[in-house]
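Because the structure is predicted, anything quoted here is derived from the model rather than measured.
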Amino acid sequence: MLMLSAAHPAGDTRVVRKEGAALAAAGWRVLHLCPGDVEGSIDGVSIIPHRRRRLRGLWGLAGDAAKLRPAVIHASEPDAWLAALIAARRCGARVVLDVHEHYPSRLDARLPAPLRTVMRRAIEAACRAMGAAADAVVVAKDGLDDAFGGGARIVKVRNYAPAPVAPPREQRAGPLALGHLGAITRSRGWPVMLDALARGDAATRLMLIGRFTDGSEAAFQARAAALGVAARVTVTGWLPQAEALRRLRDCDVALVLFQPGEENHRLALPHKLFDAMAAGVPVIAPAFAEEVAAVVQASGCGVLVDSGDAAAVAAAVASLTDPGRRAALGGAGWRAAREDFAWEAEAARLVALYRSLGSCGVTRQKAGRSAGAAV
């Protein structure tokens, strides 16, 4: 089985540590052909680096994939989807498209309003064509299958976290520590985080566990200094997953503050939400984000707010000063992460899909080469 990435890194949480690891644990040999320079193995998945540039390197990436002679190619971005379909024509592999985002709206922020509808329709047409040509389309959250019409086989494999083993974080009295896990950008709410921090208790601290991905770090530092909160803010930079999750458990409250105005934010179902639930850390999350709000309401794991309003976020933080309330919300999220929102059921759905493709894939390959060449 070949996990094919044009952009996702070697140890990507969904692609490798969840999907690839689940397939490897089920007995398949799994490779990840991905950007980078270093070979190795992560959670049972063999890493094969490439240095192909996006779009311009598409034909080369397709050739690299075909040379590996996989039984199935699991592709993780739209350009990788096309590369996978090209490679499959050369080597006879089955193709699974993995959909992480709402791609038809992906370019909205970069285009003038009159062109957005035209571009959305063009991308939807491309999605429908590629979905119909693939053997299956795996979606990371509800709402992403709309772009593929009725011609694709849709399988939902949601971004839940593995069921927690460690007990939920113990909540104690004292100054609050707020945490944000993952990529840091304006659209993920750092301006609101800083403004809310400045409005709240002077002892409250903020930890950003991750790195800036939109080039706004200098503006962030300047804003923190102007608000007088720089001394209360820690930015860890990129950390290995285990260390990042350990730092999250050091926080009293987790922030998920996607900003309104982007379709991907409305449909977001981020790892950070389920990581917080698995840690037993209550969340403050956006009410407009339908998928996130549904999980928060169903699990009782946190507080929903207008994530674009710093005063509302500050008020939500103030409402969680009682350690008993935080423990109740965090405990509810932890229990939900063990039951209704555990990755293990999603992994089983992915494995069942691959088992349904397996015999077909091998039969198809035997027509052109010996079965022993399959990955």
Side-chain angles (χ1 to χ4, degrees), residues 161 163-182 188-209 224 227-236 244-259 270-289 292-341:
V165 177
R169 183 189 193 282
E170 183 179 350
Q171 295 284 350
R172 299 185 179 88
L176 288 180
L178 311 178
H180 176 272
L181 179 65
R188 295 184 181 220
W190 71 248
V192 173
M193 294 179 204
L194 292 181
D195 288 352
L197 189 65
R199 289 169 177 266
D201 190 301
T204 300
R205 295 173 290 110
L206 172 64
M207 180 184 295
L208 302 181
I209 308 164
L227 291 171
V229 299
R232 294 193 278 138
V233 177
T234 300
V235 180
T236 68
L245 295 178
R246 187 190 71 76
R247 294 290 190 95
L248 179 64
R249 288 184 67 92
D250 290 338
C251 300
D252 299 297
V253 178
L255 303 177
V256 180
L257 295 182
F258 293 115
Q259 298 298 288
H271 296 292
K272 62 172 66 71
L273 171 63
F274 301 105
D275 290 335
M277 291 169 62
V281 176
V283 301
I284 296 174
F288 83 89
V292 170
V295 172
V296 172
Q297 290 171 331
S299 65
C301 70
V303 180
L304 296 174
V305 299
D306 177 353
S307 57
D309 184 346
V313 174
V317 172
S319 75
L320 295 175
T321 55
D322 175 22
R325 187 180 185 212
R326 295 199 306 274
L329 294 173
W334 183 84
R335 288 188 293 275
R338 286 176 61 88
E339 300 167 4
D340 298 331
F341 300 102

Among all residues two or more places apart in sequence or in another chain, which pass the side chain to side chain contact (heavy atoms under 4.5 Å, CB included) test with A163?
A342, E344

Salt bridge (Lys or Arg N to Asp or Glu O under 4.0 Å) against D340, all qualifying residues, sequence neighbours excluded:
none

Who pairs with R247 by side-chain hydrogen bond (donor to acceptor under 3.5 Å, both in side chains), at least two apart in sequence or on another chain?
E243

Counting only heavy atoms not in R205, do more than 12 fall under 6.0 Å of its CZ?
no

Pairwise side chain to side chain donor-acceptor pair (under 3.5 Å) hits with a residue in residues 315-324, at least two apart:
S319-R325

Of all residues at least two apart in sequence or in a different chain, which pass the side chain to side chain contact (heavy atoms under 4.5 Å, CB included) check with P164?
A278, W334, A337, R338

Any chance you could measure M277, atom CE, to R335, atom CZ, to the nearest 0.5 Å?
11.0 Å

Where P168 and G280 come nearest, the two heavy atoms and their spacing:
CB-CA, 3.8 Å

List the residues meeting side chain to side chain contact (heavy atoms under 4.5 Å, CB included) with P323, not counting sequence neighbours, and say none if there are none.
Q171, A173, R326

Between CD1 on residue I209 and SG on residue C251, distance to nearest 0.5 Å:
4.5 Å

What one should report as the nearest heavy-atom pair of A312 and V305 is O-CG1, 4.1 Å

Return all side-chain donor-acceptor pairs below 3.5 angstrom for residues 193-200, not counting sequence neighbours, or 'none' if the list is empty.
{"from": "D195", "atom 1": "OD1", "to": "R223", "atom 2": "NE", "distance (Å)": "3.3"}
{"from": "D195", "atom 1": "OD1", "to": "R223", "atom 2": "NH2", "distance (Å)": "2.8"}

Consider side-chain contact (heavy atoms from CB on, under 4.5 Å). Of L273, V256, L329, which one does V296 pass it with?
L273

So, using ring-ring contact (aromatic ring centres under 6.0 Å, His included) as the criterion, who are the partners of F258 when residues are at least two apart?
H265

I'd like to check L206 versus L255 (side-chain heavy atoms, cut-off strictly below 4.5 Å). Are they in contact?
yes

Please tell me if the side chains of I284 and V317 come closer than 4.5 Å, counting only heavy atoms from C-beta onward.
yes

Side chains of Q259 and V192, heavy atoms from C-beta outward: is any pair under 4.5 Å?
yes

Rounding to 0.5 Å, atoms CH2 (W190) and CG (L257) come to a distance of 13.5 Å

Any pair counted as salt bridge (charged side-chain N to carboxylate O under 4.0 Å, His left out), so long as it reaches residues 166-179, sequence neighbours left out
R169-D252, E170-R172

Residues two or more places apart in sequence or in another chain: which of them pass side chain to side chain contact (heavy atoms under 4.5 Å, CB included) with A231?
none

Any heavy-atom pair between the side chains of V292 and P270 that's under 4.5 Å?
yes

So, for P286 and L304, which heavy atoms are closest and what is the spacing to 0.1 Å?
O-CD2, 4.0 Å

Between D201 and L176, is there a side-chain heavy-atom distance shorter than 4.5 Å?
no

